[in-house]
Amino acid sequence: MASDTDAGSQSERKTAIHERHADAAETVVPEQLGLYIGGEWVESASGETFETRDPTTGEVLASVAAGNATDIDTAVAAATRAFERGALESPATREQLLETIADRIEGEQNAFARLDVLDNGKPITEAQADAYLAAQHFRYFADIVPDDEQTPVETGGSGRVTTVQEPYGVVGQIIPWNFPLLMAAWKLAPALAAGNTVVLKPAEQTPLSALKLMAEIDDELPDGVINVVTGFGPDAGEPLTTHPDVRKLAFTGSTAVGKQVMKNAAEDVTDVTLELGGKNPIVVYPDADMETAVQSTIIAIFYNTGECCSAGSRLFVHEEIKEDFLDRLVAAAEDLTIDDPLLDSTRLGPKVSQAQRDRTLSFVEKARDAGASILTGGDVPDDGALSDGCFVEPTLIADIDHDHEAVQKEIFGPVLEVFPWEEYGEMIELANDVEYGLASGVITSDIEQANRTARDLEAGTVWVNQYNDFPTGMPFGGYKQSGIGRERGRETLDHYTQTKSIDVSL
Ligand code: NAP
Ligand code: MG
């Protein structure tokens, strides 16, 4: 129970948090909150808006235009005109544009970081990393802008065959709320590098950094090359996925919506890439360096408050070291600072929304009902200063059946489930026994063992003795129902181009 003095200081801290956020909002929330179409800021066709909130304070940050099918039509038309007039035809223009975008993000790195803290609730140190990585991502694709040369191809025929990689035209991109700026960067950079024009639909919870990005680059961006339509999934997202003039779709979000996007894409045989989350295993061997194992696990599940598609959320720890390892892990989890995400010392901020907080807690509740042990956490923090926010304690769960819904489903919060193992084959079978296959971790000092395990795990990424590392250029994407295609790497350009063969009779 909090004493009177605790309650007093908590209420002072709460006031300080509200003031800090109000001050930050005044400086970083963008002025332009309309749709960005054809290089202009416009109201939505319906005139409607929606509110985006700060999940730390519960306060409204801004009212943003709510786009619908009419706005998507206008945006696709603007993107089509930009593509047809050859706005991105020259590789040099594309390289220059991507470098400029990187420069502008770098120049505003602190403001972008604070904006994503306000809109999403992520800790400021992580939001700084997002802004840094977003700029690097644009630079990476600036460096590998494909040329428009024809490449000779060896064939069995007598003619002269060359191939050329051509952009699709208008690309529709739909992104989630967990990395608002970085997900926009992951999507936009390769699409533009390949010469496509874009209509982007940000998530309703976190529309602000995409709008700020447009405001920052508006003077350099040819009209219609990027169009941003904020709004709700069914109203603004769905019409983008069914639009006949959109030639390629890229989506990141839930598996349920991803499946619908793919069905819609099938109507017009539109190419689609999907990044759909995961329920990712971490395997800890008895020979693991204990400190590496604990720190990697902490980063795996608590980075970005667990709101990572790559989050390591199922821990397979060997029986031999289980007790010692779990003691240390619980201590490390309890040591994480949950506080105002605008403070440098904060390691865990709030979840993005009340709905997401309640969803996380409901999974914990179901696990508890099924007789699972909650090793630590499992509730909202006992800290009055944070009571206006959507906070959830770092939570470790043991003694739960692997078939349980809380294990099989992506919780997308700071919740880790623990499974002791002894026999390798049984462990691998369980580690692979989910519908997802996005990422995974292996902690061991034996590299042979690491490689064997990496080969046996059904996952698009395997981190060894580390977790959530995203070096520029490393491809990222899912096996099984975690998605189709790879983002971040050179091969991503293949997803944004199509091959034309030119066969000349000599
Ligand atoms: P979601 O509904 O899949 O949202 C992702 C994006 O799709 C958002 O921009 C969303 O718009 C849009 N969308 C929603 N319905 C659509 C539709 N019918 N057609 C086209 N676009 C549509 O995900 P969520 O509801 O934000 O989160 C639910 C769960 O998804 C999370 O708890 C987590 O498990 C998973 N998730 C995964 C990732 C990932 O990185 N793979 C990211 C976020 C969430 P609105 O914002 O307007 O809904
Ligand atoms: Mg928000």
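Note that ligands are numbered from 1 as they come in the structure, with each ligand's atoms numbered from 1 the same way.
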| request: Verify the distance criterion only: is there a donor paired with an acceptor across the side chains of Asp119 and Thr52 at less than 3.5 Å? | output: yes

| request: Could you pull out every protein residue that has a heavy atom closer than 4.0 Å to ligand 1, ordered by chain and then number? | output: Ile174, Ile175, Pro176, Trp177, Asn178, Lys201, Pro202, Ala203, Glu204, Gln205, Gly231, Phe232, Gly233, Gly237, Glu238, Phe251, Thr252, Gly253, Ser254, Val257, Glu275, Leu276, Gly277, Cys309, Gln356, Arg359, Glu410, Phe412

| Charged N to carboxylate O under 4.0 angstrom, Lys187 versus Glu487? | yes

| Under 4.0 Å between a Lys/Arg side-chain N and an Asp/Glu carboxylate O for Glu59 and Arg53? | no

| Checking side-chain hydrogen bond (donor to acceptor under 3.5 Å, both in side chains) for the pair Tyr496/Asp271: CA distance, chi angles, key distance, verdict? | CA-CA 9 Å; Tyr496 286 102; Asp271 188 87; over 6 Å; no

| query | With side chains defined as the heavy atoms from C-beta onward, is the minimum distance between Leu274 and Val272 less than 4.5 Å? | reply | yes

| query | Roughly how far, to the nearest 0.5 Å, is the CG atom of Leu240 from the CD1 atom of Ile72? | reply | 4.5 Å

